[in-house]
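Only one structure is covered here, and it is reproduced in the block below.
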Amino acid sequence: MRDLRAVAFDLDDTLWEIHPVLERAELAVRAWLGENCPRIAEQLTLEEMRAARVRIALEEPAQAHDMTYLRRTALARHAREFGYEESIAEAALEVFLCARNEIEPFEDVLPALERLRSRYVLATLSNGNADLERIGLASWFSLSLNARLVGAAKPHPRCFEQLASALALPPASILYVGDDPVRDVEAARAAGFSTAWMNRRGEAWPEDLARADLVVRDCLELAHVLESVAGPGVARAAADLTR
């Protein structure tokens with residue numbers, strides 16, 4: 001831990017709670033469809049629309065990592081099926097993305113990022129389609145990658161390889177922080193990263209997996225632990241990397 005130079009975060013359920021956000025975004029799309037494409041809203045439930053995206057992922061495995069592609073393609077299919085122009089897919093997708101990026105980080109996130117960025121380069125790597133510019137968090141991070149940009153989703157090793165390459169750092173000098181024991185912790189460890197499990201819900205660690213290097217309940221605890229173990233040259237190295 002004394003040799004860390006960067007801290008990279010998962011986003012959904014690590015820096016904010018995602019399920020209420022997605023539910024609200026899908027309801028916003030359904031309301032929009034009800035006003036603009038009522039035959040779709042009348043004939044399809046939210047569950048059926050979700051199932052359609054799953055089918056597309058199975059039909060097109062090369063695109064299964066791209067949540068935006070799956071949603072746009074499903075909306076275009078719904079439009080064709082019920083006699084609307086496919087162009088409505090873009091408008092409906094924009095409704096979803098606007099609501100999906102109306103996010104309030106957990107209270108501990110911003111104070112912790114303030115403390116961490118004086119010592120480390122900060123980055124993000126997510127499977128989702130959160131837009132940090134829209135959310136207002138982009139300025140906190142030197143680098144942000146997602147599955148769509150990488151061309152694969154965690155736990156694929158390509159995600160972590162590209163993260164290390166983009167940061168120009170050896171994997172062992174990067175701490176990856178996430179809430180999922182397999183996609184985040186196990187996958188990052190397999191790629192040679194240091195790992196931290198963000199266990200906000202006090203869940204039990206899976207017995208069949210080796211534990212993360214760190215287990216923290218929130219970002220402030222993470223900042224505190226890293227401050228206690230950071231070597232004297234960490235702050236200077238982080239400043240050099242961000243120039």
Side-chain angles (χ1 to χ4, degrees), residues 9-106 124-138 144-156 158-159 178-184 187 198 200-201 203:
F9 293 89
D10 172 54
L11 294 177
D12 295 336
D13 285 332
T14 296
L15 300 189
W16 53 73
E17 188 175 9
I18 190 56
H19 293 296
V21 174
L22 293 179
E23 288 178 6
R24 185 177 67 245
E26 291 194 338
L27 288 173
V29 171
R30 188 162 183 79
W32 186 91
L33 291 172
E35 293 180 3
N36 296 274
C37 312
R39 291 190 296 277
I40 297 177
E42 290 166 0
Q43 296 296 320
L44 295 178
T45 66
L46 283 175
E47 290 73 20
E48 289 169 331
M49 295 176 74
R50 291 168 186 151
R53 296 195 295 275
V54 172
R55 286 196 298 273
I56 293 168
L58 293 173
E59 293 166 5
E60 302 184 51
Q63 298 293 340
H65 63 278
D66 189 339
M67 298 297 104
T68 300
Y69 174 86
L70 297 178
R71 196 171 291 275
R72 178 189 292 113
T73 302
L75 287 165
R77 288 190 182 183
H78 299 328
R80 290 197 304 272
E81 181 180 0
F82 293 101
Y84 296 104
E85 295 292 328
E86 287 189 26
S87 59
I88 68 101
E90 287 298 332
L93 178 65
E94 180 59 23
V95 171
F96 174 84
L97 292 175
C98 284
R100 192 258 190 266
N101 288 296
E102 292 176 356
I103 284 169
E104 193 69 33
F106 292 117
T124 71
L125 171 64
S126 173
N127 280 354
N129 50 10
D131 185 333
L132 293 181
E133 288 287 351
R134 289 195 188 201
I135 295 168
L137 295 177
S144 293
L145 296 178
N146 60 30
R148 189 179 190 192
L149 291 172
V150 172
K154 298 177 294 182
H156 198 291
R158 188 191 313 166
C159 300
D179 68 289
D180 190 284
V182 175
R183 288 193 296 266
D184 295 328
M198 184 68 69
R200 292 185 178 275
R201 299 183 179 90
E203 298 176 345

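Count residues from 1 along the sequence.
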Hey, is the main chain of [Y] close enough, under 3.5 Å, to the side chain of [X] for a donor-acceptor pair?
X: N127; Y: K154; result: yes
X: R148; Y: M67; result: no
X: R200; Y: T14; result: yes

Problem - Ion pair check, R72 and D66, cut-off under 4.0 Å - result: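 Not counted as a salt bridge, because no side-chain N and carboxylate O are separated by less than 4.0 Å.
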
Pair R134 + E94, salt bridge at N-O below 4.0 Å: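 Answer for the salt bridge query: yes.
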
Problem - Stepwise side-chain contact (heavy atoms from CB on, under 4.5 Å) test for I40 and I88 - result: CA-CA 11 Å; I40 297 177; I88 68 101; 4.2 Å; yes

Nearest heavy-atom neighbours spanning [X] and [Y]:
X: P155; Y: V182; value: CB-O, 4.3 Å
X: I135; Y: A130; value: CD1-CB, 4.0 Å
X: D10; Y: L15; value: O-CG, 3.7 Å
X: L132; Y: S144; value: CD1-OG, 3.1 Å
X: E104; Y: W16; value: O-CB, 3.8 Å
X: C159; Y: A153; value: SG-C, 3.5 Å

According to the salt bridge (Lys or Arg N to Asp or Glu O under 4.0 Å) rule, which pairs have a member within residues 39-49, sequence neighbours left out?
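Found E47-R50.
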
What do the steps show when you test E102 against R24 for side-chain contact (heavy atoms from CB on, under 4.5 Å), and what is the final call? CA-CA 10 Å; E102 292 176 356; R24 185 177 67 245; 3.8 Å; yes

Considering only heavy atoms from C-beta outward, does the side chain of [X] approach that of [Y] to under 4.5 Å?
X: F96; Y: N129; value: yes
X: W32; Y: C37; value: yes
X: M49; Y: E26; value: no

- request: Kindly determine whether D12 and D179 satisfy side-chain contact (heavy atoms from CB on, under 4.5 Å), including the steps that lead there.
  value: CA-CA 8 Å; D12 295 336; D179 68 289; over 6 Å; no

First locate atom [atom1] of [X], then atom [atom2] of [Y], and finally report the distance between them rounded to the nearest 0.5 Å.
X: I18; Y: L11; atom1: CD1; atom2: CG; answer: 9.0 Å
X: N36; Y: Y84; atom1: CG; atom2: OH; answer: 9.0 Å
X: N101; Y: L97; atom1: CG; atom2: CG; answer: 6.5 Å
X: L33; Y: R30; atom1: CG; atom2: CZ; answer: 7.5 Å

Point to revise | R183, CZ atom: more than 12 neighbouring heavy atoms under 6.0 Å | key: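 No.
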
Quick check on E60: does its CD atom have over 12 non-hydrogen neighbours (other residues, nucleotides or ligands) under 6.0 Å away?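 Count over threshold, so yes.
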
List the atom pairs, with distances to 0.1 Å, where a side-chain N or O of residues 74-82 and a protein N or O form a donor-acceptor pair under 3.5 Å, not counting sequence neighbours.
{"residue": "R77", "atom": "NH1", "partner": "E59", "partner atom": "OE1", "Å": "3.0"}
{"residue": "R77", "atom": "NH2", "partner": "E59", "partner atom": "OE1", "Å": "2.9"}
{"residue": "R80", "atom": "NH1", "partner": "E86", "partner atom": "OE2", "Å": "2.9"}

Next item on the list: Apply side-chain contact (heavy atoms from CB on, under 4.5 Å) to the pair H19 and D13, showing each step before the final yes or no.
Entry: CA-CA 8 Å; H19 293 296; D13 285 332; 3.8 Å; yes

